[in-house]
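Accompanying notes for the structure given below.
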Amino acid sequence: MSQIIASHGAEKTEAIVDSIFNYMLKNKSKIPFAIDSVTLDALVSAVVMSGRLILADNLFKQWYSQLSVKRTPASYDSLLRGCLIAKNKTLAELLLTMLIDTDKLKPTKSIYERMLLISLTQFNYEDAFVYLEAMKTQAMAPSWKTYSTLIRRCARVRDPRARVALKEMEDMGYHVTEALKSFADSHGRSARYNHQHKNAFEDVSGSAGSSSNEQGKEGNKEKKTPVFDINFTV
């Protein structure tokens, strides 16, 4: 339902969810079976998917109390998905505090993973390891995708913890692809990049003198990779 509503565009999505909510509010005594967290989660998720994260957050804080519906971890999950897309760590942290302190809920594996991935979109991504350790202390196994993203993020800035995370991933029984190993070993460069770059250097060094060799070596230095370029697949 969320995707169908959101496909109409941001403004129309807002009008549709407002209309549905107002109908529920006026007729809550007649349709109590339709008023629950699942329904409200879907409406909020539609707003998130339409790109209106701040609006979704405002509705999230109003609608549930107006209909006397208790929020669940799943209710928070859709908003945190929007925070991940928008790289909005500030809002994500406020939501996590609200989940724990206001609604007295326990973060689920999905919540922790969202927070970890959101942290990885930031320049300072140390909190990602805080959430990783929190998961492990509660016997929550991070997914293959989460480990892969963490490894690639570390590798891009030559963080040696990329190898540590790779070892943890292997110890947990996950299949570690050669592409991911190569990415971690070569500090954020794919095997294909290294092969092409090596061939280009050999062509230069083979057809020129010592001065050309020096230029080839200079060209062979790694270029800086934008730290926000997060790739969630391998």
Side-chain angles (χ1 to χ4, degrees), residues 2 36-38 40-42 44-49 53-54 56-57 59-61 64 69-157 159-177 180 183-184 227-234:
S2 300
D36 57 19
S37 63
V38 176
L40 290 180
D41 292 353
V44 171
S45 181
V47 179
V48 171
M49 294 171 68
L53 179 61
I54 302 305
D57 177 53
L59 298 177
F60 181 78
K61 292 171 180 174
Y64 294 80
V69 173
K70 291 184 178 181
R71 290 181 287 257
T72 68
S75 306
Y76 283 87
D77 195 59
S78 62
L79 265 179
L80 289 175
R81 189 186 315 124
C83 291
L84 176 57
I85 295 170
K87 301 178 183 179
N88 192 332
K89 185 169 180 276
T90 300
L91 178 56
E93 290 175 335
L94 290 173
L95 288 169
L96 182 62
T97 299
M98 184 175 170
L99 178 148
I100 297 171
D101 294 343
T102 303
D103 288 337
K104 308 299 180 184
L105 297 171
K106 184 178 179 180
T108 60
K109 173 184 172 181
S110 179
I111 295 294
Y112 277 125
E113 288 197 300
R114 297 279 187 208
M115 295 302 300
L116 190 159
L117 294 173
I118 291 167
S119 297
L120 290 177
T121 67
Q122 309 297 299
F123 180 82
N124 183 339
Y125 58 91
E126 287 302 311
D127 282 347
F129 292 94
V130 174
Y131 296 118
L132 178 65
E133 292 306 314
M135 291 182 71
K136 290 192 290 186
T137 57
Q138 297 181 60
M140 296 177 180
S143 68
W144 187 97
K145 174 183 173 181
T146 297
Y147 264 120
S148 171
T149 307
L150 178 65
I151 291 165
R152 294 171 68 87
R153 178 68 175 87
C154 290
R156 280 193 165 94
V157 292
D159 186 335
R161 289 175 293 185
R163 295 297 306 171
V164 176
L166 191 69
K167 180 65 167 56
E168 282 186 9
M169 194 176 181
E170 291 177 320
D171 290 344
M172 292 180 68
Y174 285 121
H175 172 64
V176 179
T177 64
L180 185 58
F183 198 87
V227 297
F228 298 118
D229 183 17
I230 304 298
N231 188 337
F232 292 94
T233 59
V234 176

**Q.** Nearest-0.5 Å distance that lies between atom CG in Leu59 and atom CD1 in Ile54
**A.** 11.5 Å
Q: Mind listing the closest non-hydrogen atom pair of Pro142 and Tyr147 along with its distance?
A: CB-CE1, 3.8 Å
Q.
Could you check whether any side-chain N or O of Lys109 sits under 3.5 Å from a backbone N or O of Ala141, counting only pairs where one atom can act as donor and the other as acceptor?
A. yes
Q.
Could you check whether any side-chain N or O of Lys104 sits under 3.5 Å from a backbone N or O of Asp101, counting only pairs where one atom can act as donor and the other as acceptor?
A. yes
Q. Which atom pair, heavy atoms only, marks the closest approach of Leu150 to Leu132?
A. CD2-CD2, 3.8 Å
**Q.** Pairwise distance CG(Asp36) to NZ(Lys70) - rounded to 0.5 angstrom
**A.** 14.0 Å
Q) What is the minimum heavy-atom distance between Ala184 and Leu166, and which atoms define it? A) CB-CD2, 4.4 Å
Q: Answer yes or no: is there a donor N or O on one side and an acceptor on the other, between the side chain of Trp144 and the main chain of His175, under 3.5 Å?
A: yes
Q.
Check Lys167 with Glu170, please: is the shortest side-chain N to carboxylate O separation under 4.0 Å?
A. no
Q) So, Glu113 side chain and Thr108 main chain: donor-acceptor pair closer than 3.5 Å or not? A) no
Q: Could you pull out all residues at least two apart from Ser119 that satisfy side-chain hydrogen bond (donor to acceptor under 3.5 Å, both in side chains)?
A: none
Q.
I'd like to know if the side chain of Arg114 reaches the main chain of Leu80, judged simply by a donor and an acceptor atom lying under 3.5 Å from each other, with no hydrogens or angles considered.
A. no
Q) What are the two closest heavy atoms between Val48 and Gly82, and how far apart are they? A) CG1-CA, 3.5 Å
(Q) When you measure from the side chain of Ser78 to the backbone of Ser75, do you find a donor-acceptor pair of N or O atoms at a distance under 3.5 Å? (A) yes
Q) How about Leu180 and Met169: do any of their side-chain heavy atoms sit closer than 4.5 Å? A) yes
Q: Dump the intermediate steps for side chain to side chain contact (heavy atoms under 4.5 Å, CB included) on Met115 and Glu93, then the final yes or no.
A: CA-CA 8 Å; Met115 295 302 300; Glu93 290 175 335; 4.1 Å; yes
Q) What class does the angle between the rings of Tyr64 and Phe60 fall in, given that below 30° is parallel, 30 to 60° is tilted and above 60° is perpendicular? A) perpendicular
**Q.** Inter-residue atom distance Leu95.CG - Asp77.CG, 0.5 Å rounding
**A.** 11.0 Å
Q) Roughly how far, to the nearest 0.5 Å, is OH of Tyr125 from CG of Asp159? A) 3.5 Å
Q) Taking C-beta and beyond as the side chain, do Val130 and Glu126 meet within less than 4.5 Å on heavy atoms? A) no
(Q) Please identify which of these residues, Leu116, Ile118, Thr146, meets the side-chain contact (heavy atoms from CB on, under 4.5 Å) condition with Tyr131. (A) Leu116
(Q) To the closest 0.5 Å, what do you measure between CG (Leu120) and CZ (Phe129)? (A) 7.5 Å
Q. Shortest non-hydrogen contact from Tyr174 to Ser143?
A. OH-CA, 3.5 Å
